[in-house]
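The next block holds one structure in the form of structure tokens; read it before the comments.
The basis for the numbers below is simple: all heavy atoms, side chains too, and nothing from hydrogens, waters or symmetry mates. So you know, we letter chains A, B, ... as the sequences are listed, proteins then strands, and number each from 1.
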Amino acid sequence: MKPINVFLTIIIAGLTAPVLGADWPMWGGTPSRNMVSPEKNIPSDFEAGEYKEDSDLIDMATTKKVKWIAKMGSQTYGNPTIANGNVYVGTNNDGRKDPRFKGDYSILKCLDEKTGETKWILTVPKLDAGKVSDWEYLGIASSAAIDGDRVYLVTNRCEVLCLDAKGMSNGNQGAQDEGLYMAGIGQKDTPIEVDPKIDADILWRYDLRDELGVFPHNITSSSAIVIDGLVYVATSNGVDWSHTNIPSPKAPSLIALNKMTGELVGEEATGMSRRILHGGWSSPTYGKDSNGKPILLFGGPDGIAYAFDPIPKPDEDGFGIFPEKWRFDMNPLHYRYKDGDKSKPIKYVKPEGPSEMIASPVIVDGKFYGAIGQDPEHGEGIGNMVCLDLATGKPIWQFDKINRAISTCAVHEGLVYLGDFSGIVYCLDAATGSLLWKHDTLSHIWGSPLVVDGKLFIGNEDGDLLVFAAAREKKLINTINFGDPIYSSPVAANGVLYIGTTTQLYAIEDE
Amino acid sequence: MVTGLLGSGSQHTFAAKPQAAIESGWLHWRGPHQTGVSDETGLPGKISLDDDTLLWSIDLQGRGTPVATGDKLYVWGYRGERDQLVEVVAQLDANTGKTVWEHEHQDFISDIIYDRYSIGAPTIDAETSNVYLMTTPGLLICYSADGKELWKHSMMEKFGRLTFPNGRTGAPAIDGDLVIVNAISTNWGSEGPPRNRFYAFDKKTGEPRWSSSPGMGPPFLKDSSFSSPVFSTDAKGRRVFYAGIGSGAVVCINARNGKPIWRYQIAVGGINCTPVVHGDLVIATHGVQNVDSTKVGRMFAIDRTAKPGEPEGRAAGALPLTSEKWKAEIEMFTSSPVLVGEGKDARVYQISRVGELHCLDATTGKEYWKKKLGTAQIHATPSYGDGKLYVPMEGGKFYVLKPSDAGAQVISEVQLDGTCLGAPCLFNGRVYVFTTKKLYAFGPKKGSGATALPKHTMPKPGPVAALEVRPSEVLLQPGEKQKLRFVAVDANGFPIGPVNKATVEKFIPPTAKVKAKLDVMIDGATLVAGSNAKMSAGAFKATAQELPAKPVSPDATIAGTTRGRILAKLPMTEDFESFELTAEAKDGADFAYPPLPWIGARFKWEVRELDGNKVFAKTLDRLILSRATTFIGPPTAADYTISADVMTEGNRRIAGDVGLVNKRYLIVLKGAYDKIEISSNLERLQVSVPFEIKPKKWYTLKSRVDANPDGSGVVRAKAWPRGEDEPAEWTIEAPVKIANTEGAPGLFGFSPQNKPRVYIDNIKVEPNK
């Protein structure tokens with residue numbers, strides 16, 4: 001492993017704001033991760049339809065305002081992203097009819113935005129690590145980030161991939177070992193025969209375990225940001241079976257790679273990996289503070305929010321380190337210690353104990369918005385929603401009357417919306433943090449809300465999609481049941497609303 | 001005579017006072033009919049925390065089900081936090097909640113996290129009144145009704161039972177003279193590969209009677225299962241049981257001899273529910289991946305008379321998917337169905353993962369109704385009695401519902417303190433239920449209404465077909481011997497009578513991958529390990545020379561097998577120099593497999609050459625095996641000092657962990673932390689001191705455990721660069737409130753993500769000086 005100095009050669013292309021088109025090219029649409037879409041004419045009176053008799057497919061005749069439905073596997077945690085006529089979504093391999101891939105694989109599907117038909121598929125073998133580092137059947141849990149004709153993805157194998165958005169239709173470029181990759185590098189020696197009509201074209205691959213010694217916990221999940229020549233991702237470094245021991249305390253939890261070559265350019269050196277509570281499943285957020293300075297935010301696996309200068313500086317060994325601007329503990333002291341008494345630590349998983357950040361920070365108007373939460377397997381517990389001044393890292397307000405949340409918030413016209421894991425949707429005043437309304441959906445909420453076209457969409461584990469007016473007063477417009485749990489977040493692009501259940505991706509459009 | 005360590009349950013063997021057979025009770029967590037149903041009338045309709053219905057409550061945390069007979073309530077719970085936490089098994093006075101007797105058990109070495117203890121139940125034996133329990137780290141213990149320990153096995157150290165972070169342990173099941181437990185194990189020899197296994201022991205003595213491996217390994221095996229065996233008689237007159245297993249199947253096993261009969265392979269991953277039997281149907285629920293659909297989870301009814309295909313290796317033959325008589329889209333990973341009524345009127349109730357209670361026709365699967373009672377549910381199973389369903393919910397709500405085919409009416413609803421994870425016990429007019437904070441007893445001050453237990457009598461056996469050799473597994477050390485006993489059994493495994501004359505010979509099963517023999521002399525029916533007997537393992541075949549009854553055919557050979565292993569006696573040393581490296585690894589290196597009788601060694605370690613020396617090297621080719629806890633001696637070993645040379649590879653970012661096991665404590669050099677650590681389940685005991693560890697440098701590590709007269713003790717260890725003088729002082733001393741008194745010596749290695757390899761050499765285990 002040799003230090004890399006390529007960050008010195010990165011062309012600083014200017015910190016231009018991302019171009020907001022009608023696409024939704026990354027998790028959260030923009031690097032600010034704010035779950036708000038500018039789309040119009042998004043319907044709220046559609047119907048998700050019924051399954052055909054004893055089938056895994058929906059009878060389209062029973063749907064209303066559904067443009068197409070793409071069959072997913074059996075578990076779908078990935079959130080769709082849409083760019084340049086393609087829809088990208090992560091799921092698992094279940095039910096797929098490709099004889100080359102039997103059993104548990106993770107896949108990223110690239111679909112035609114117009115028809116929902118599959119253009120190409122990235123097939124990722126499991127690590128065969130058991131639940132601890134690559135939980136069975138979870139599929140690809142990260143969202144793809146699209147930058148021009150390149151697709152950046154963090155997979156279940158604890159690696160960052162750069163893919164060709166055109167698949168192999170324009171030939172196999174970059175890395176040439178796709179056959180071996182699909183067989184499982186280090187697990188099988190015989191490559192799988194590549195089918196250029198369907199297989200993804202891998203341009204480069206960066207293995208976070210090989211290169212950095214990362215020990216991913218349960219699953220590697222992080223959605224990339226691509227900006228100014230760098231790809232920013234979290235590593236999912238975490239604890240092992242014991243849930244106490246952190247096997248890789250010296251591996252970074254947040255890094256940046258050169259987007260063209262995949263070489264390591266920067267890493268955090270805050271020591272957060274020594275403080276991991278469970279695993280680092282949050283995704284980084286990028287924006288500008290009130291002084292117009294670029295800022296990289298990360299919800300740490302230790303329950304602390306971090307702000308960095310996104311341009312790494314070399315340390316004495318030549319490794320690029322993100323200079324830390326500030327950090328803020330999102331857990332009030334009495335979440336970590338009983339009555340705030342430091343001699344009485346509260347055990348992490350206890351309902352009254354501290355949590356990490358799984359949701360992504362959101363940047364709006366020079367402020368950080370985000371809530372803490374835990375692995376859904378840990379059940380319900382206390383939460384905290386914070387609003388920080390990006391320039392100082394100081395809290396503007398905190399709202400602790402919320403339970404654990406893994407939902408990233410939507411901040412729109414002075415209102416903050418999010419759901420907690422206990423199933424309650426909140427609307428807070430963005431300036432003061434005061435509660436304006438809440439609604440109990442009676443079922444766990446995993447995904448994030450979407451504000452679009454004056455409405456607030458949010459799904460839950462019962463398979464209900466709730467539609468509210470995006471307003472200071474509570475108004476439930478509709479509840480549409482999808483039959484299967486909704487773990488992902490509603491997304492809108494180019495006039496179409498996308499809703500993913502565990503087994504189907506729906507494209508919904510006004511007639 | 002020193003008997004083999006497995007020959008009977010180890011340790012104390014008290015003579016139990018003879019007890020009259022129990023006539024009534026909720027003896028097993030599923031109640032008298034194995035369905036979650038009580039026959040009693042007069043059970044409370046109103047459950048509240050008011051004085052008129054709350055009989056008593058005590059501060060005992062629990063996640064399972066109490067069991068009861070007469071005025072005795074047997075409970076398994078836990079108390080305390082962090083290093084003070086202990087599991088508690090107790091007999092309470094059912095009228096007052098006062099403790100009559102109790103035993104505390106510490107966790108050791110397990111992977112249990114987040115205080116997930118006591119997820120299961122004790123089981124009362126109606127014949128002997130004995131109480132059986134498997135603790136979360138795997139001590140299977142038989143207590144007399146007055147609380148004396150009659151026998152025990154450390155399932156982890158003797159049979160390679162694994163523990164998992166989820167802690168789900170379940171309840172032992174009793175049938176006839178056997179007590180049966182469900183476990184995932186990596187034992188030795190043919191039982192080395194990880195499988196869901198069932199282990200049967202003589203309920204009075206603890207003698208191993210059979211083990212059974214009915215299911216597939218990975219990739220189907222993805223979970224543990226705490227499903228309890230449910231007994232019945234099948235169409236062929238066999239005494240069988242049904243259970244869910246960790247590899248996606250419901251299985252049918254002959255309860256008398258452990259032979260797998262069929263598996264219904266519907267899923268990938270764990271089937272945790274305890275099924276119910278309704279006529280020809282076995283009804284079960286799961287919450288994992290189906291093999292024939294992309295929907296997760298299912299409730300399903302299997303035709304238990306269907307004909308299986310060919311067995312796959314040791315696993316049972318699979319039933320065709322057409323054996324599924326009905327299914328319902330209900331996802332539930334760990335809560336079990338409740339079967340109410342008989343024939344066409346039978347209804348089955350199942351709570352789903354998202355907190356909906358479903359009512360289905362047990363014969364057709366038709367859903368009558370569903371009712372949402374909470375946001376979510378995990379382990380808790382309802383119980384039914386007196387026309388009412390008692391439904392504990394994860395959030396701590398406890399409902400009493402009056403179900404009909406039209407729906408369910410809530411007649412009582414109360415918020416309990418804590419989370420509900422166990423099923424209620426319904427007995428003697430009362431309702432007992434655990435939360436993660438308390439144990440509650442609801443109902444009248446004077447218990448009444450107990451109904452008689454159903455009776456089962458074993459059928460008359462047929463002609464002699466085979467020989468059962470007891471014990472089914474032998475563990476010896478040099479200088480010990482084990483007398484084998486023989487019982488003639490019929491084709492279904494029912495016992496006919498003892499066989500007094502049989503020939504015993506060493507036997508290599510035709511399927512054995514390692515052709516090995518146990519280093520013993522055979523003296524009639526006795527296996528004798530000489531004082532110089534080598535560490536070894538192998539099988540034996542016994543052929544009957546006279547029979548207590550007629551055989552199936554006049555010229556039939558009546559035979560059976562058993563197996564055993566010999567572990568080294570103290571003092572023992574192992575420098576691996578005598579191993580011949582005859583196998584070739586994937587990376588081209590020559591290696592030898594680890595010693596056969598060591599538990600949890602194969603595929604995790606191999607003997608390799610390093611710098612002209614033969615050493616024990618951690619394997620790096622299967623990620624699932626990146627960590628090894630390997631037992632090299634008997635679980636009853638005590639008062640020994642263990643030492644070895646240890647080394648880890650590493651670099652700027654990573655390094656491995658390597659160390660020893662002494663009496664259920666891990667003593668580990670932690671490469672990435674530059675420290676030496678003593679632990680035994682990291683949430684229970686974790687003490688460390690700084691110690692600089694350079695990659696690729698050998699250190700000598702040594703440990704002993706000293707107990708004080710008051711039961712406390714000190715775990716001691718020292719480490720120093722190999723070749724230098726041993727320091728006089730201990731590097732680390734960890735005081736413990738209750739010191740373990742026994743435990744197998746062992747080795748530990750962990751290569752995170754299989755990157756840094758770790759090594760061990762020059763192992764010494766010596767009696768304390």
Side-chain angles (χ1 to χ4, degrees), chain A residues 1 56 71-75 92 94-95 103-104 126-134 136-137 158 186-187 189 209-216 240-252 317 347-351 378-380 422-423 442-444 461-463 483-485 502-503, chain B residues 81-82 111-115 164-166 218-219 222-223 268-269 288-290 293-296 327 329 331 353-356 372 374-376 378 394-395 419 586 620-624 626-627 650-657 670 672-673 677 679 681-683 686 750-756:
Chain A
M1 200 180 316
D56 287 354
K71 178 76 185 86
M72 299 288 109
S74 60
Q75 296 184 40
N92 70 17
D94 211 41
D104 191 5
K126 298 297 279 184
L127 287 173
D128 291 334
K131 294 182 170 21
V132 67
S133 289
D134 188 11
E136 303 91 354
Y137 289 104
C158 197
Q187 292 153 285
D189 299 327
R209 300 181 310 134
D210 284 346
E211 303 292 339
L212 302 172
V214 169
F215 192 100
D240 64 14
W241 313 261
S242 67
H243 286 68
T244 298
N245 185 46
I246 302 160
S248 297
K250 297 173 184 173
D317 295 331
K347 206 170 148 60
Y348 160 66
V349 79
K350 293 220 162 182
H378 297 172
E380 299 174 27
S422 300
L442 305 176
S443 174
H444 290 155
E461 202 171 67
D462 276 355
D484 289 323
T502 49
T503 67
Chain B
E81 289 201 325
R82 299 178 179 269
D111 280 351
I112 313 308
I113 60 166
Y114 303 159
D115 298 353
F164 298 90
N166 65 64
K222 294 199 186 297
D223 296 298
V268 180
V288 292
Q289 206 71 26
N290 285 297
S293 146
T294 63
K295 295 227 167 192
V296 170
K327 67 175 172 183
E329 276 180 17
E331 179 188 348
R353 187 172 75 103
V354 294
E356 286 176 329
K372 192 158 171 91
T375 312
I378 47 175
E394 191 197 0
T419 296
K586 228 170 145 185
L620 298 180
D621 42 5
R622 293 172 213 206
L623 203 44
I624 193 111
S626 64
R627 182 187 52 161
N651 62 32
R652 169 190 161 103
R653 299 195 193 267
I654 55 165
D657 295 345
K670 295 190 64 73
Y673 287 86
E677 179 181 88
S679 71
N681 184 307
L682 292 172
E683 293 185 5
Q686 185 183 23
F750 177 31
S751 299
Q753 299 300 321
N754 276 352
K755 303 300 173 196

Contact class of [X] relative to chain A, heavy atoms under 4.5 angstrom:
X	answer
B:Leu623	both
B:Arg622	neither
B:Asp657	side chain

Heavy-atom cut-off 4.5 Å, strictly under: side chain, backbone, both or neither for [X] against chain B?
X	answer
A:Asp128	backbone
A:Pro485	side chain
A:Lys126	neither
A:Gln187	backbone
A:Thr502	neither
A:Asp240	side chain
A:Tyr137	side chain
A:Val214	backbone

- Task: State which residues pass salt bridge (charged side-chain N to carboxylate O under 4.0 Å, His left out) with A:Asp56; sequence neighbours excluded, sorted by chain then number.
- Result: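 So A:Asp56 forms no salt bridge (charged side-chain N to carboxylate O under 4.0 Å, His left out) with any residue.
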- If only atom types and distance count, is the side chain of B:Ser751 paired as donor or acceptor with the main-chain N or O of B:Ser626 below 3.5 Å?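 No; judged by distance alone, with no hydrogens or angles, the pair does not exist.
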- Message: If you compare all heavy atoms of B:Ile654 against all heavy atoms of A:Gly213, which two are closest, and at what distance to 0.1 Å?
- Response: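 Result for this residue pair: CG2-CA, 3.3 Å.
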- Query: Between B:Asn681 and B:Asp111, which heavy-atom pair has the shortest distance, and what is it?
  - Reply: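 Smallest heavy-atom distance, with atoms named: ND2-C, 4.4 Å.
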- Can you name the ring-ring contact (aromatic ring centres under 6.0 Å, His included) partners of A:His444, sequence neighbours left out?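 Partners of A:His444 by the ring-ring contact (aromatic ring centres under 6.0 Å, His included) criterion, ordered by chain and then number, come out as A:Phe421.
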- When you check the gap from the basic side-chain N to the acidic O, do B:Glu683 and A:Lys347 get nearer than 4.0 Å?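 Between A:Lys347 and B:Glu683 there is a salt bridge, with a charged N closer than 4.0 Å to a carboxylate O.
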- Message: Does B:Val354 form a side chain to side chain contact (heavy atoms under 4.5 Å, CB included) with B:Lys372? I'd like the steps, not just the answer.
- Response: CA-CA 8 Å; B:Val354 294; B:Lys372 192 158 171 91; 4.1 Å; yes
- Message: I'd like to verify something: which residue of A:Asp134, A:Asp104, A:Val132, A:Leu127 has the highest number of heavy-atom pairs under 4.5 Å with chain B?
- Response: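 Between A:Asp134, A:Asp104, A:Val132, A:Leu127, the count favours A:Leu127.
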- Task: Just do the side chain to side chain contact (heavy atoms under 4.5 Å, CB included) check on B:Val288 and A:Glu136 with the steps written out, would you?
- Result: CA-CA 10 Å; B:Val288 292; A:Glu136 303 91 354; over 6 Å; no
